[in-house]
Amino acid sequence: MNLLYHYTNINGLLGILRPQDRDIKLWFTDVRYQNDISEGKELTRIYKKVCKTMKARGEISEEDYKEIVSIKFDNKRPIAYTPHDVTRLYYGEIDVYICCFCRNSDSLNMWRYYTKDNTGCALGFMEGKLERNTRREQFEPNDNAIGKLEFWSVIYDETEKEGFIYSEILNILKKIAAGQVPKAGNLKRAIEHGLGKYKFKFKHECFSSEEEVRGIYYVPHNDEKLPEEKKNIIRYRSQYGMIVPYIEMSFPREAIKEVRIAPNASEDAAASIKNYLKENKFGTNVEQSELPIRF
């Protein structure tokens, strides 16, 4: 059984595991407001590197290289997808919301980031209970909002990132050569569409200790083209000195399997968390980290 751990402070735990709700609530944050300011830039860097290599090998013509090498994958605007990519129901701009997890249940770096008040937790979710690559209706039967959720292990390794981009570009070029995609005016657009998703799947190797797995939720941009009943409810909270948009999504209670309490939490703090989970029948295994740290 694979577990994904969501590190959070005590207020986050109370927001996710609510006694009055039959489901667990997870917040997916607009990717444009993530704390990593290099989001999106890593893809552009790798992409340019691969383009130069392919041109040097003769896999891209000089003409094609000049057309596509200037592409920048801007993280500050929505991406364009087709219905097949997202919901099969919608053409147009897509916004992306992310919820972050870690494969490590006892990460020193994550504790340092999330336990500034000494009361953080790592919530362990069963990966299979979270992964549902379907339309939004499968999450909340009474909710007609549309979107697509996927889980992706973030890629930090330089060679692995280059391999993904190389394969995608090669595949696009093959389709164009076979006449499946008209080349005139479409090469640049095809690459922008084909590679745009990697903006949210690549991170600089300096973040590798996070061992991050991302829940990535693709939703149609809420505009006049989208019927009101299909729109996701966008909520807002204060974070990093900004007003940050997020979408609240429901998952079954049985998805939560374990709660690990921060290593520096006091006995009283740890006891209060254990009591809260017991009294509200969350039925999870509760342990405290044994990392020998005090900060």
Would you say that [X] contacts [Y] through its side chain, given a criterion of any heavy-atom pair below 4.5 Å between the two side chains?
X: V96; Y: R32; result: no
X: K257; Y: F125; result: no
X: M126; Y: N2; result: no
X: I24; Y: L17; result: yes
X: V213; Y: V154; result: no
X: D95; Y: D30; result: no
X: E162; Y: I46; result: yes
X: C99; Y: H6; result: yes

Measure the spacing between [atom1] of [X] and [atom2] of [Y] and express it to the nearest 0.5 Å.
X: L43; Y: K161; atom1: CG; atom2: NZ; answer: 10.0 Å
X: I169; Y: T53; atom1: CD1; atom2: OG1; answer: 10.0 Å
X: C102; Y: N109; atom1: SG; atom2: CG; answer: 9.5 Å
X: S105; Y: E258; atom1: OG; atom2: CD; answer: 6.0 Å
X: M249; Y: L149; atom1: CE; atom2: CG; answer: 5.0 Å
X: I98; Y: W152; atom1: CD1; atom2: CH2; answer: 12.5 Å

Check the pair Y97 / N232 against side-chain hydrogen bond (donor to acceptor under 3.5 Å, both in side chains), numbers first and verdict last. CA-CA 11 Å; Y97 290 76; N232 286 266; over 6 Å; no
Same cluster (ILVMFWY, side-chain, under 4.5 Å), [X] and [Y]:
X: L173; Y: L195; answer: yes
X: I191; Y: F202; answer: yes
X: F251; Y: W27; answer: no

Is the count of non-hydrogen atoms from other residues, nucleotides or ligands lying under 6.0 Å from E62 atom CD greater than 12?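 Yes, the 6.0 Å shell around CD holds more than 12 heavy atoms from other groups.
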Shortest non-hydrogen contact from [X] to [Y]?
X: P245; Y: Y33; value: CD-CE1, 3.4 Å
X: K48; Y: V69; value: NZ-O, 2.6 Å
X: Q288; Y: A262; value: NE2-O, 3.1 Å
X: C51; Y: I60; value: O-CD1, 4.2 Å

Using a strict 4.0 Å threshold on nitrogen-to-oxygen distance, state whether [X] and [Y] make a salt bridge.
X: E150; Y: K197; value: no
X: E158; Y: K49; value: yes
X: K129; Y: E127; value: no
X: R260; Y: E287; value: yes
X: E248; Y: R18; value: yes

With under 30° as parallel and over 60° as perpendicular, where do the rings of Y47 and F73 fit, or are they tilted in between?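 Rings of Y47 and F73: perpendicular, as their planes differ by over 60°.
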Decide side chain to side chain contact (heavy atoms under 4.5 Å, CB included) for Y217 and K148; before the verdict, give the C-alpha distance in whole Å, the side-chain angles of both, and the deciding distance to 0.1 Å. CA-CA 6 Å; Y217 185 46; K148 177 184 175 180; 5.7 Å; no
Applying the side chain to side chain contact (heavy atoms under 4.5 Å, CB included) criterion to I261, which one of I10, L13, V286 satisfies it?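 Of the listed options, the one satisfying the test is V286.
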Pick one: which of T29, I234, L26 meets side chain to side chain contact (heavy atoms under 4.5 Å, CB included) with I247?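 Testing each of T29, I234, L26 against I247, the sole residue satisfying side chain to side chain contact (heavy atoms under 4.5 Å, CB included) is I234.
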Would you sort out whether L170 and M54 count as a side chain to side chain contact (heavy atoms under 4.5 Å, CB included), showing the intermediate values? CA-CA 9 Å; L170 206 60; M54 293 182 75; 3.9 Å; yes
Scan side-chain atoms only and decide if R112 and S107 contain a donor-acceptor pair under the 3.5 Å cut-off.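 There is no such pair (donor and acceptor under 3.5 Å, judged by atom type) between the side chains of R112 and S107.
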Answer yes if the side chains of Y113 and E210 hold a donor-acceptor pair under 3.5 Å, and no otherwise.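 Y113 vs E210: no donor-acceptor pair found between side chains.
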I'd like to know if the side chain of D21 and the backbone of D23 have a donor-acceptor N/O pair within less than 3.5 Å.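 No; judged by distance alone, with no hydrogens or angles, the pair does not exist.
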For the backbone of A271 and the side chain of N275, can you confirm whether one donor and one acceptor N or O come within less than 3.5 Å of each other?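 Here the side-chain-to-backbone pair does not exist.
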Cation-pi check for [Y] against [X]: NZ or CZ below 6.0 Å from the six-membered ring centre and within 45 degrees of the axis, yes or no?
X: R237; Y: Y246; result: yes
X: K203; Y: Y156; result: no
X: R214; Y: F200; result: no

I'd like to know whether D106 forms a side-chain hydrogen bond (donor to acceptor under 3.5 Å, both in side chains) with W111, so could you lay out the CA-CA distance, the side-chain angles of the two residues, the decisive distance to 0.1 Å, and finally the verdict. CA-CA 8 Å; D106 215 2; W111 288 129; 2.7 Å; yes
Go through the steps for K25 and S250 under the test side-chain hydrogen bond (donor to acceptor under 3.5 Å, both in side chains), then give the verdict. CA-CA 5 Å; K25 306 294 185 182; S250 297; 2.7 Å; yes
Do Y198 and E42 pass the side-chain hydrogen bond (donor to acceptor under 3.5 Å, both in side chains) test, and can you show the C-alpha distance, the side-chain angles, and the key distance before you say yes or no? CA-CA 9 Å; Y198 291 105; E42 183 67 0; over 6 Å; no
Let me see the working for F164 and K201 under side chain to side chain contact (heavy atoms under 4.5 Å, CB included), right down to the final yes or no. CA-CA 11 Å; F164 272 101; K201 298 176 178 181; over 6 Å; no
Check the pair V259 / N285 against side chain to side chain contact (heavy atoms under 4.5 Å, CB included), numbers first and verdict last. CA-CA 6 Å; V259 175; N285 178 47; over 6 Å; no
